[in-house]
*Asks:* 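Provided herewith is a single structure, encoded as structure tokens, for subsequent inquiry.
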Amino acid sequence: MFRAPRGTDDILPQDQPYWRLIEQTAEAVCRRFGNQRIRTPLFEDSALFIRGVGTGTDIVEKEMYTFDDRGGDSLTLLPEGTASVCRAYLEHGMANLPQPVRLFYFTPIFRYERPQAGRYRQHHQFGVEALGDADPSTDAEVIELGWRFLADLGLRDLTLYVNSIGDHRCRPAFVEALKAYYLPRQEALCQDCRGRLHRAPLRLLDCKVPSCQALAQQAPHTLDHLCDDCTQHWQRLEGYLKRLEIPHTVDHRLVRGLDYYTRTVFEVKPQAEGSQVTILAGGRYDGLMEELGGKPTPGVGFGSGIERMVLNLKLQETQPPDPLPRPVVVVALGEQARVEGISLASRLRQNGLAAVVAPGSRSLKAQLRYASALNARYALILGDRELEKGVVVVRDMDKAEQREVEAAGVEEMVGGGG
RNA sequence: GUGGGCGUGGCCUAGUGGUUAGGGCGGCUGGCUGUGGCCCAGCAGAUCGAGGGUUCGAAUCCCUUCGCCCACCCCA
């Protein structure tokens, strides 16, 4: 027996209402904010991600699905969404459009990691990017978009965490300050953190080991080490968020895993305790375009995990609307009637109704049972008698009433019930 | 990569060494020779994840392996 590969999932019909709700909500919010949809390929030149995401990151070091195609090119399944969108921006000269260019996308994301609750090797993200504007009002706009999206979805008890991690000018000094703080305290760090001290010092701040958390509490704050421009950017952003009445918590220990972030970073988590719970996260990435070979172009955006939103909707017992129409089921007795039944169903569908033909070679009883199981509004019964008289028996499955109707008049009879 | 839990028909599950592995849901058929939902009956469907071992005898005990889940790492 074949099974879906580890860490992948079939999204079955019963879950589609959740997905539809999320996608429709996202699209509606984007429309209101003036963001347009973009679809990029599922794989890209491997170098795009190596350059964009950063060579030191776990994603690049051990999580990418990379392969050589038959022409010898190294390709990689998207491990995140932003790099592709930036590539498209540069490739299509979007710098010539009014800035910022506001985009959104839905895409599968592939990362080779051990699956667990809320984490998959293939998951799906709704992402938003605003490209070409460095002003903090754009950060605020993107955060507002994400916040409205989650609110419209009906997710409750969410917390928005924000922080600024500075830019290429002030971050090096902060990292030095951080090291200066931690070096004399190495003894107290967990094994992982001793390694981080040299490889990824910022990550010391969000270690979950209690002893490390205690140290992180006292560690230098990024906000105290920002350069003037970054400070001003941060203060203006906070002002906008307050004016927009978007509740947020400043989290000094919020850093992000991808190298390209500058200044603003943010994350949204539900109250529920757990680890794989971030449902939306993003930030500003002013150096990314240049890194990808384009002219320096600022950008800010976020990604949100659709599976995690489905998870949370289910946890809080939100019932998504399920607009499945109740079908009309055609019940045919005998081959002659079947031919007519198939054509009758076809006519109904062309008139916009949902119509299915019950499986043949079954008794009337069994076909009606089938209609019942499909939650049919009407059963249309066709047998030799009806064929002779040129009628169809229309059975109302809810009222358990039925009557003969001229074959030509069936649509009207049944039209309102779909 | 590391640690823990769990693997019995499509789904849920009983069964902790002893005759043909039991039940529920779901599926199909029948209970009217042209009438559903309830009820009743029947049928199909499991080499008890796989391999090896212990034993007169293994779903049950031991070993190995694979898979799933959860957690760490990291992330949406």
Side-chain angles (χ1 to χ4, degrees), chain A residues 1-9 12 14 22 53 56-63 78-82 106-128 146 150 190-193 195-196 199-200 203 206-209 255-258 266-270 273-282 301-312 329 331-334 337 358-359 361-387 393-402:
Chain A
M1 273 281 277
F2 287 108
R3 330 178 57 128
R6 167 176 292 185
T8 68
D9 244 335
L12 300 173
Q14 67 219 38
I22 291 163
V53 177
T57 60
D58 278 16
I59 289 181
V60 168
E61 276 185 0
K62 52 188 194 188
E63 294 179 359
L78 301 211
E80 61 102 38
T82 301
F106 299 102
T107 185
I109 297 289
F110 305 89
R111 286 180 205 161
Y112 187 85
E113 6 175 39
R114 289 288 291 268
Q116 70 188 77
R119 195 175 71 189
Y120 306 87
R121 287 185 173 179
Q122 177 182 347
H123 76 275
H124 299 77
Q125 284 189 17
F126 159 52
V128 165
L150 297 172
C190 71
Q191 204 59 41
D192 286 337
C193 280
R196 288 184 183 119
R199 281 185 303 110
R203 306 223 61 86
D206 65 356
C207 181
K208 290 186 202 71
V209 175
V255 296
R256 310 268 6 267
L258 293 79
F266 58 92
E267 222 166 83
V268 178
K269 296 180 181 181
E273 285 302 310
S275 48
Q276 311 305 322
V277 293
T278 300
I279 58 177
L280 185 150
F302 68 76
S304 57
I306 297 180
E307 282 82 355
R308 289 187 184 176
M309 286 185 278
V310 171
L311 202 68
N312 281 283
V329 172
V331 171
L333 301 164
S361 71
R362 289 193 192 179
S363 65
L364 174 61
K365 176 206 262 305
Q367 292 191 52
L368 280 172
R369 195 138 51 193
Y370 179 79
S372 206
L374 291 198
N375 190 30
R377 181 73 184 79
Y378 294 101
L380 305 183
I381 304 169
L382 260 176
D384 293 340
R385 290 180 205 163
E386 289 74 21
L387 285 186
V393 170
V394 177
R395 181 174 177 80
D396 183 317
M397 297 297 283
D398 292 339
K399 296 180 181 152
E401 290 167 1
Q402 64 187 42

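Note that this is a predicted model, so its numbers are computed, not measured. Note: hydrogens, waters and symmetry copies are ignored here, and every other heavy atom, side chains too, is used. All chains are named by letter (A, B, ...) in the order of the sequence lines, taking the proteins before the strands, and each is independently numbered beginning at 1.
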*Asks:* Say you pick atom C1' in B:U47 and the same atom in B:G42; how far apart are they, in whole Å?
*Replies:* 26 Å

*Asks:* Choosing from B:U35, B:G37, B:A76, which nucleotide comes nearest the side chain of A:Q402?
*Replies:* B:U35

*Asks:* What does B:A76 pair with, Watson-Crick or G-U, if both distances are under 3.5 Å?
*Replies:* none

*Asks:* Which is true for A:I381 with a 4.0 Å heavy-atom rule: it touches a base, it touches only sugar-phosphate, or it touches nothing?
*Replies:* base

*Asks:* Look at A:E113 together with A:K62 and state whether they make a salt bridge at an N to O cut-off of under 4.0 Å.
*Replies:* no

*Asks:* Examine the base of B:G36 for any acceptor or donor lying under 3.5 Å from a partner atom in the side chain of A:R395, and report the outcome as yes or no.
*Replies:* yes

*Asks:* If you assign A:H124 and A:R3 each to the RNA chain B nucleotide with the nearest heavy atom, which residue ends up on the more 5' nucleotide?
*Replies:* A:R3

*Asks:* So if I take every side-chain heavy atom of A:R114 and compare against B:U35, B:A71, B:C74, which nucleotide ends up nearest?
*Replies:* B:A71

*Asks:* So what's B:G10 paired with, Watson-Crick or G-U wobble, going by both distances under 3.5 Å?
*Replies:* B:C25

*Asks:* Looking at A:Y112, is A:R121 sitting on its ring face, NZ or CZ under 6.0 Å from the six-membered ring centre and within 45 degrees of the normal?
*Replies:* yes

*Asks:* Roughly how many Å apart are B:U20 and B:C48, using the P atom of each and rounding to a whole number?
*Replies:* 14 Å

*Asks:* In terms of side-chain heavy atoms of A:R196, which of B:A76, B:U35, B:C74 is nearest?
*Replies:* B:C74

*Asks:* Under 4.0 angstrom, heavy atoms only, what part of the nucleic acid is A:E386 near: base, sugar-phosphate, or nothing?
*Replies:* base

*Asks:* When the C1' atoms of B:G30 and B:A21 are considered, how many whole Å apart are they?
*Replies:* 28 Å

*Asks:* Heavy atoms only, 4.0 Å cut-off, all strands: where does A:A379 land among base, sugar-phosphate and nothing?
*Replies:* nothing

*Asks:* Does any non-hydrogen side-chain atom of A:Y370 lie less than 4.5 Å from one of A:R362?
*Replies:* yes

*Asks:* Which part of the nucleic acid, if any, lies within reach of A:A281 when heavy atoms closer than 4.0 Å are counted: base, sugar-phosphate only, or nothing?
*Replies:* sugar-phosphate

*Asks:* Across the strands shown, which category fits A:Y120 at heavy-atom distances under 4.0 angstrom: base, sugar-phosphate, nothing?
*Replies:* base

*Asks:* Considering only side-chain heavy atoms of A:R6, which listed nucleotide, B:G37, B:G67, B:U35, is closest?
*Replies:* B:G67

